[in-house]
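Note sheet for the following structure.
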Amino acid sequence: MMCGVCGCGKDEVQVGSTNGHRHDEHQHKPHQMDDTRRLVQIEQDILSENAGYAVANRELFEQQALLALNLVSSPGSGKTSLLTATITRLSGQVPLAVIEGDQQTSRDAERIRAASATALQINTGKGCHLDAHMIGHAMQQLPNLQGGLLFIENVGNLVCPAGFYLGEAHRVVILSVTEGDDKPLKYPDIFHHSDLLLINKIDLLPYVEFDLNACIDYARRINPDIEVIQLSARTGEGMESWVDWVNQRRQQRLQQRISALQAEAIRLESLL
């Protein structure tokens with residue numbers, strides 16, 4: 001299947017295992033698009049199919065009281081370094097796993113495993129984003145994460161992942177100060193559909209031309225409700241704010257599950 005939104009091919013998708021050995025593969029047949037109407041129809045079909053898988057993923061996450069976060073960024077933002085620093089702070093406290101999305105190699109998954117977390121690699125081949133179907137496959141291979149955390153490190157790209165909801169509770173966009181401060185204006189969709197903006201590598205601010213206030217202003221022009229945390233995964237500055245944000249959302253997810261179970265218990269008691 002070819003992505004009708006971004007034009008990427010997915011015929012090389014490979015879902016690995018938690019120990020790095022690939023043993024599952026699903027393939028998509030290419031579509032031939034010969035006119036604009038067919039292109040639009042294919043795009044609608046793909047997004048509709050993805051939405052169905054995303055709903056199933058979300059239901060699974062809710063049943064497990066699992067907080068799933070979809071991390072998106074351009075290449076080089078320090079996303080994997082941020083994840084390893086986060087895992088170091090959370091390791092041993094809660095069940096935790098990472099789904100890694102990349103076009104080739106399992107280098108990022110290996111870095112996550114070296115930080116003592118379970119990681120499963122998805123190689124998308126020519127594909128430029130993860131989709132909900134891939135995440136559903138990956139969840140079948142992960143251990144029980146009841147009440148825990150699932151980080152989904154999407155393929156480095158600020159365009160294609162914006163159109164594909166994975167069933168996550170929150171989407172987190174990461175931007176580093178070595179990139180342009182006007183990226184929220186240049187790639188608005190990803191910022192419009194994110195709940196949190198992490199501005200990484202702030203230890204480099206004295207050495208680069210990056211207007212922090214302008215960047216935040218641009219992001220909030222696109223999405224007035226977006227939260228912002230400034231941090232450096234390398235020095236640790238701001239990391240506590242990020243970890244607190246994650247822990248608070250996980251506790252909210254647990255409370256939501258408790259409330260749902262209590263409501264179900266009351267409903268069943270009414271039948272006695």
Side-chain angles (χ1 to χ4, degrees), residues 6 67-90 98 100-102 107-108 111-112 115 128-130 149-166 168-252:
C6 57
L67 178 69
L69 301 177
N70 181 10
L71 308 185
V72 294
S73 77
S74 57
S77 68
K79 193 156 67 279
T80 307
S81 296
L82 173 70
L83 264 176
T84 57
T86 305
I87 290 165
T88 298
R89 286 165 171 75
L90 293 172
V98 178
E100 283 285 345
D102 206 349
R107 294 172 66 89
D108 289 346
R111 290 176 62 188
I112 296 298
C128 56
H129 59 86
L130 296 175
L149 290 165
L150 174 67
F151 293 104
I152 303 169
E153 183 175 356
N154 218 312
V155 178
N157 189 335
L158 284 177
V159 181
C160 309
F164 287 82
Y165 177 57
L166 306 177
E168 70 270 23
H170 300 284
R171 183 177 292 173
V172 179
V173 59
I174 302 160
L175 182 65
S176 69
V177 302
T178 54
E179 304 170 60
D181 50 33
D182 59 350
K183 277 198 169 176
L185 298 180
K186 297 170 72 174
Y187 306 100
D189 280 0
I190 202 79
F191 292 87
H192 178 72
H193 294 288
S194 295
D195 300 300
L196 175 66
L197 165 61
L198 294 181
I199 302 180
N200 192 19
K201 304 185 184 180
I202 59 171
D203 55 304
L204 298 180
L205 276 172
Y207 312 105
V208 297
E209 293 185 6
F210 185 93
D211 190 328
L212 196 56
N213 292 328
C215 179
I216 295 171
D217 177 60
Y218 294 150
R220 287 184 168 150
R221 288 187 199 178
I222 303 300
N223 179 357
D225 297 323
I226 196 167
E227 298 181 69
V228 180
I229 294 176
Q230 305 166 34
L231 54 78
S232 167
R234 188 179 72 84
T235 67
E237 183 180 1
M239 283 296 295
E240 288 306 313
S241 295
W242 157 237
V243 171
D244 287 346
W245 187 94
V246 172
N247 280 329
Q248 289 172 12
R249 269 60 186 181
R250 189 181 71 84
Q251 291 169 9
Q252 289 173 1

Over all atoms of both residues, closest heavy-atom pair of [X] and [Y]:
X	Y	result
D102	V155	N-CG2, 4.0 Å
A85	M239	CB-CE, 3.7 Å
L175	P184	CD2-CD, 4.3 Å
P188	I222	O-CG2, 3.3 Å

Give a yes or no on whether the backbone of [Y] and the side-chain of [X] come within a donor-acceptor separation of less than 3.5 Å.
X	Y	value
N200	S77	yes
N223	F191	yes
E179	S176	yes
Y165	E168	yes
N154	L130	yes
R171	I190	no

Reported [atom1]-to-[atom2] distance for the pair [X] and [Y], which is rounded to 0.5 angstrom:
X	Y	atom1	atom2	value
T84	I112	OG1	CD1	6.0 Å
R250	L69	CZ	CG	11.5 Å
Y218	N213	OH	CG	11.0 Å
D182	D217	CG	CG	12.5 Å
L196	H170	CG	NE2	9.5 Å
I202	F210	CD1	CZ	11.0 Å

Requested in this report: Begin from the C-alpha positions of D108 and V98 and carry the test side chain to side chain contact (heavy atoms under 4.5 Å, CB included) through to its verdict.
Outcome: CA-CA 10 Å; D108 289 346; V98 178; over 6 Å; no

Query - N157 and H129: CA distance, side-chain angles, deciding distance, side chain to side chain contact (heavy atoms under 4.5 Å, CB included) verdict - result: CA-CA 7 Å; N157 189 335; H129 59 86; 5.7 Å; no

Sequence neighbours excluded and cut-off under 3.5 Å, please list the side-chain donor-acceptor pairs for residues 226-235, or say none.
residue : atom : partner : partner atom : Å
E227    : OE2  : W245    : NE1          : 3.3
E227    : OE2  : R249    : NH2          : 2.8
S232    : OG   : D203    : OD1          : 2.8
S232    : OG   : R234    : N            : 3.4
S232    : OG   : T235    : N            : 3.1
S232    : OG   : T235    : OG1          : 3.1
R234    : NE   : D203    : OD2          : 3.0
R234    : NH2  : D203    : OD2          : 2.9
T235    : OG1  : E237    : N            : 3.3

Query raised in the report: Below 4.5 Å, heavy atoms only, C-beta onward: do L83 and E100 meet side chain to side chain?
Result: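 Result yes, sub-4.5 Å side-chain heavy-atom pair found.
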
Query raised in the report: If we only count heavy atoms from C-beta on, is the S74 to K183 side-chain gap below 4.5 Å?
Result: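 Result yes, sub-4.5 Å side-chain heavy-atom pair found.
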
Requested in this report: Show your working on side chain to side chain contact (heavy atoms under 4.5 Å, CB included) between L71 and L198 and close with a plain yes or no.
Outcome: CA-CA 10 Å; L71 308 185; L198 294 181; 5.8 Å; no

Report task. For side chain to side chain contact (heavy atoms under 4.5 Å, CB included), just list the numbers for I199 and I216, CA-CA rounded to whole Å, side-chain angles, deciding distance to a tenth of an Å, and then say yes or no. Result -> CA-CA 9 Å; I199 302 180; I216 295 171; 3.8 Å; yes

Requested in this report: State, without any angle test, whether T80 and E153 hold a side-chain donor-acceptor pair at a distance under 3.5 Å.
Outcome: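 The criterion, which ignores hydrogens and geometry beyond distance, is satisfied for E153 and T80.
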
Query raised in the report: Just wondering, are more than 12 heavy atoms of other shown residues or ligands nearer than 6.0 Å to CZ in R107?
Result: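 Incorrect, the count does not exceed 12.
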
Query raised in the report: Which side-chain hydrogen bond (donor to acceptor under 3.5 Å, both in side chains) pairs, counting each pair once, include a residue from residues 185-194, with sequence neighbours left out?
Result: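 Output for this query is empty, none listed.
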
